[in-house]
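Heads up: the structure comes next, in structure tokens.
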There are 2 protein chains.
Amino acid sequence: MFQALGDPTRRAMVERLSRGPASVSDLARPLAMSLSAVVQHLQVLEASGLVRSEKQGRVRTCRIEPAALKTVEQWIVERRASWERRLDRPADHLAEESEAPDKRRKR
Amino acid sequence: MFQALGDPTRRAMVERLSRGPASVSDLARPLAMSLSAVVQHLQVLEASGLVRSEKQGRVRTCRIEPAALKTVEQWIVERRASWERRLDRPADHLAEESEAPDKRRKR
DNA sequence: TGATTTGTTAAGCATTTGCTTGAGTATAAC
DNA sequence: GTTATACTCAAGCAAATGCTTAACAAATCA
């Protein structure tokens, strides 16, 4: 998912979709590239699980998968929490050392 | 930042750093690649603003930049909020249409 | 029916990415 | 002072990425 969101075009597509469902052409309209390229980006987004789409007639309607966004959000939140937890207990890592060396409790 | 987090190795580095500061060799230890490669990943992370590092003596100490993580988090939260806001007011987009066509209020 | 709209698929191509190796430099340890 | 440590920097290279064009298929429209 992070990799999918790593591309600015795909982020623009997700932004558009966060405001509501859209067809492939809708997604392509503001983008300065071929429809084909947009379809390829869409495939990446779908493969990542961030976007889902279904086709009725000749138009494919795409929409965001909020649960997937939540997963990404969760990853970030956890890393940040892990870091902040550290700062809240100034014990232990006062020496702020590396790791491997000094595993023994003496010295 | 999304692009930086798009690589699994770099995500592992961020995970490690979320548990506390580490030297370049610390970061490299669990990774199956050359130190040089790790340094290159580190450069990407620093360029993105997600990680900061400073060198004292011959060891470079790296740490996470929580504000940057917060920025990423914010982006996700906003997209998700934008989507959920939509669902809360079932007005308007009942037809769930595309966009450009039918701008006129008749029909 | 024939033309148009909407999308799909494949091939090809330039650029970017994620490494490696090898040859340094500066600090710290012995 | 020699040796090990902890990086640093520059090539070089294979694979992945982000496009393009072109040919095609299926709905829908006139």
What pairs with [X] under side chain to side chain donor-acceptor pair (under 3.5 Å), at least two apart in sequence or on another chain?
{"X": "A:Q43", "result": "none"}
{"X": "B:Q3", "result": "none"}
{"X": "A:E46", "result": "A:S53"}
{"X": "B:R11", "result": "none"}

In whole Å, what is the span from the [atom1] atom of [X] to the [atom2] atom of [N]?
{"X": "A:R29", "N": "C:dT6", "atom1": "CZ", "atom2": "C1'", "answer": "11 Å"}
{"X": "A:L45", "N": "D:dT17", "atom1": "CG", "atom2": "P", "answer": "14 Å"}
{"X": "A:Q3", "N": "D:dA16", "atom1": "CD", "atom2": "P", "answer": "11 Å"}
{"X": "B:Q43", "N": "C:dG18", "atom1": "CD", "atom2": "P", "answer": "13 Å"}
{"X": "A:M13", "N": "D:dC19", "atom1": "CE", "atom2": "P", "answer": "11 Å"}
{"X": "B:D26", "N": "D:dC7", "atom1": "CG", "atom2": "C1'", "answer": "13 Å"}

**Request:** Could you list the residues that satisfy salt bridge (charged side-chain N to carboxylate O under 4.0 Å, His left out) with B:E15, not counting sequence neighbours?
**Result:** none
I'd like a list of close polar pairs between nucleotides 19-24 of chain C and the protein, N/O only, cut-off under 3.5 Å.
unit_1 : atom_1 : unit_2 : atom_2 : d
C:dC19 : OP2    : B:H41  : NE2    : 2.6
C:dC19 : N4     : B:Q40  : OE1    : 2.8
C:dT20 : OP2    : B:S34  : N      : 2.9
C:dT20 : OP2    : B:S34  : OG     : 2.8
C:dT20 : O4     : B:Q40  : NE2    : 2.9
C:dT21 : O4     : B:S36  : OG     : 3.2

**Request:** Give a yes or no on whether a salt bridge exists between A:E54 and A:R60, defined as a side-chain N under 4.0 angstrom from a carboxylate O.
**Result:** no
**Request:** Check DNA chain D for consecutive Watson-Crick or G-U pairs with both distances under 3.5 Å and list the runs of at least three as stems.
**Result:** C:1-30 with D:1-30
**Asked** Which residues pass the side-chain contact (heavy atoms from CB on, under 4.5 Å) test with A:T71, sequence neighbours left out?
**Response** A:M1
Dump the pairs, protein N or O against N or O of nucleotides 27-30 of chain D, anything under 3.5 Å, distances to one decimal.
unit_1 : atom_1 : unit_2 : atom_2 : d
D:dA27 : N3     : A:R58  : NH1    : 3.2

**Message:** Tell me which pairs pass ring-ring contact (aromatic ring centres under 6.0 Å, His included) where either residue lies in residues 48-74 of chain A, with sequence neighbours left out.
**Reply:** none
**Request:** Only pairs at least two apart or in different chains count here, so list each ring-ring contact (aromatic ring centres under 6.0 Å, His included) that has a residue in residues 48-68 of chain B.
**Result:** none
**Prompt:** By ring pair (Phe, Tyr, Trp, His ring centres under 6.0 Å), which residues pair with B:W75, not counting sequence neighbours?
**Reply:**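 Scan of B:W75 (ring pair (Phe, Tyr, Trp, His ring centres under 6.0 Å), adjacent residues dropped) gives B:F2.
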**Request:** I would like to know whether A:V51 and A:E65 meet side-chain contact (heavy atoms from CB on, under 4.5 Å); could you show each step before the answer?
**Result:** CA-CA 5 Å; A:V51 167; A:E65 195 62 72; over 6 Å; no
**Prompt:** OP1, OP2 of C:dT6 versus side-chain N and O of A:K55: anything below 4.0 Å?
**Reply:** no
**Complete:** Assert: residue with more 5' nearest nucleotide on DNA chain D, out of A:R10 and B:L42, is B:L42
